[in-house]
Amino acid sequence: MFSPDLMQEVRDRFAHVDSCPFEGERIFFENAGGALTLKSAVETSAMFAAIPDNQGRANGAAAKLMEIIAKSKADTMLFLNAKEGQAFVGESGTELLFRVIRSAIVASAKEGKGNVVGTTLEHPASRSAARHWATETGLDYLPVEHNNDTGSVDADAYAAVVTPETHVATIVHTSPVTGMGVDVESVSKAIRAVSPDCYIIVDGIQHAAHGGLDVDAYNIDAYVISPYKCFSRHGYGMAWVSDKLGSAYHERLIGSPEDNWELGTRDTGAYATFSDVVSYFDWLGSKVSDSTDPRTRLVAASKAIHDHEKALTDAMLFGTGNMKGLADMEKVSIIGGLENPMCEGLVALN
């Protein structure tokens, strides 16, 4: 776990750690529906909410806004370890999942009959979008059943369902219900072994704050984050799309570039607050490693967060000091089992 001194430094960077403006003194210990917000993200939001200038105009303020957006996109690509494609903001993670799934299905449906594959482990955001647009375009929706014992789903389960006619496949990187992760790289490999040109879209909303990200290694076409679950604020989502999906048929303004995914004036404050998130990971990485390389520090920070959360979930499961853990309680059963390496900072129980 983090040392007491580092833990205090971490706590000092977040708002409302031990008090609530509505309920008073309390500890925020939520790890599925949200996360604490960086104080820097709050300050950044307030600053950009007050700026009257619009992007793209012929003045210094507008130019600075575009510079901040460009920096945030570069920060996001570094955070994801994505060396191609593009990052952009939207209304929310759910809205962006609907949008990229819709675009992938509509674009691929032009190729003729086929199917869309998803799993029963997924959040309704991706399942609802995939089922809806499969129906609208006349494609079949094929569900992959998750494993109740592990609380996850693996490559073999996908391989049993995917066909050469699979146009789009969705993956949830971590379940916010079971708390278990999915090996996206191995699942993607299994999908492409059967349907090489399939669009693969990943819901990374629960995973982003709890485990490292390496989009380059996944061989996928879209990855979506909800920044409020990753220490930023509510009110926007962040998506990455590959060059392949980015240039595919999709909604865009008439006359705009073919790979344009931004609709209307962007929220500079949203982009800037995600830079705050990346800066926090970079700072934490500098505390837990000696590296001066930004990407290496981001990886180190993610590993440190994962290890710290494992210590917390182990305390919940097995107890600490003279306090019993959930494993010692006769009427409690743990979803996914007590010793599950896929656990990511969340304990689900009956």
Side-chain angles (χ1 to χ4, degrees), residues 1-4 6-7 10-11 14 16-20 22-37 93-94 118-128 143-158 171-184 186-187 202-212 226 228-231 302-350:
M1 295 182 74
F2 295 166
S3 69
L6 178 55
M7 192 73 257
V10 168
R11 289 165 67 89
F14 289 90
H16 302 306
V17 172
D18 53 15
S19 65
C20 171
F22 306 109
E23 296 181 295
E25 185 176 350
R26 64 96 173 91
I27 298 295
F28 184 87
F29 214 57
E30 165 72 73
N31 220 17
L36 290 167
T37 304
T94 296
T119 77
T120 56
L121 186 68
E122 291 174 48
H123 188 279
S126 55
R127 288 199 78 194
S128 301
V144 177
E145 297 293 328
H146 70 276
N147 186 318
N148 278 331
D149 293 330
T150 65
S152 185
V153 62
D154 61 19
D156 289 342
Y158 270 89
I171 306 170
V172 62
H173 204 160
T174 300
S175 168
V177 177
T178 68
M180 301 303 171
V182 172
D183 186 343
V184 171
S186 68
V187 169
V202 180
D203 170 0
I205 292 170
Q206 180 64 23
H207 179 82
H210 309 287
S226 285
Y228 80 89
K229 281 196 174 187
C230 200
F231 317 135
S302 292
K303 183 179 185 304
I305 290 170
H306 188 278
D307 291 348
H308 184 80
E309 290 188 329
K310 184 179 188 312
L312 293 175
T313 53
D314 280 353
M316 292 178 69
L317 292 169
F318 306 112
T320 179
N322 64 352
M323 299 180 70
K324 286 185 176 182
L326 294 169
D328 297 316
M329 300 179 186
E330 291 183 6
K331 295 184 179 181
V332 172
S333 60
I334 306 300
I335 294 171
L338 290 171
E339 299 282 358
N340 193 327
M342 293 178 285
C343 179
E344 290 194 353
L346 200 67
V347 174
L349 58 96
N350 289 318

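Note that the coordinates shown come from a computational prediction; the quantities given were computed from them, not determined experimentally.
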Inset, instruction - Indicate yes or no: at least one non-hydrogen side-chain atom of Phe2 is less than 4.5 angstrom from one of Val10. - result: yes

Inset, instruction - Taking the side chain as every heavy atom from C-beta outward, state whether Cys20 and Arg26 have any atom pair closer than 4.5 Å. - result: yes

Between [X] and [Y], is there a donor-acceptor pair closer than 3.5 Å when you use the side chain of the first and the backbone of the second?
X	Y	result
Asn340	Thr150	yes
Ser226	Lys229	no
Arg127	Thr119	yes
Thr313	Lys310	yes

Legend entry - Residue pair Glu25 / Ser19, side-chain donor-acceptor N/O under 3.5 Å: no

Inset, instruction - Go through the side-chain N and O atoms of Glu309 and His210 and say whether any donor and acceptor fall under 3.5 Å apart. - result: yes

Legend entry - Contacts of His173 that satisfy ring-ring contact (aromatic ring centres under 6.0 Å, His included) - sequence neighbours left out: His207, Tyr218, Tyr223

Inset, instruction - Applying ring-ring contact (aromatic ring centres under 6.0 Å, His included), name anything that partners Tyr228, two or more places apart in sequence or on another chain. - result: His234

Legend entry - Sequence-distant partners of Thr120, side chain to side chain donor-acceptor pair (under 3.5 Å), two or more places apart: His146

Legend entry - Val153 vs Val144, side chain to side chain contact (heavy atoms under 4.5 Å, CB included): CA-CA, chis, key distance, verdict: CA-CA 8 Å; Val153 62; Val144 177; 3.8 Å; yes

Considering all heavy atoms, the nearest [X]-[Y] contact:
X	Y	value
Ser302	Gly211	CB-C, 4.1 Å
Ile205	Thr94	CD1-N, 4.3 Å
Ala32	Pro176	CB-O, 3.7 Å
Leu121	Val182	CD2-CG2, 3.7 Å
Phe318	Ala327	CD2-CB, 4.2 Å
Gly181	Ser152	O-OG, 2.7 Å

Legend entry - Heavy-atom neighbours of Glu30 CD exceed 12 at 6.0 Å: yes

Inset, instruction - Take Leu317 and Val347, measure what side chain to side chain contact (heavy atoms under 4.5 Å, CB included) needs, and give me the verdict at the end. - result: CA-CA 8 Å; Leu317 292 169; Val347 174; 3.9 Å; yes

Inset, instruction - With side chain to side chain contact (heavy atoms under 4.5 Å, CB included) as the test, would you mind laying out the steps for Phe28 and Val17 before giving the verdict? - result: CA-CA 6 Å; Phe28 184 87; Val17 172; over 6 Å; no

Inset, instruction - Quick one: do Asp18 and Arg11 satisfy side chain to side chain contact (heavy atoms under 4.5 Å, CB included)? Show the steps, please. - result: CA-CA 9 Å; Asp18 53 15; Arg11 289 165 67 89; 3.8 Å; yes

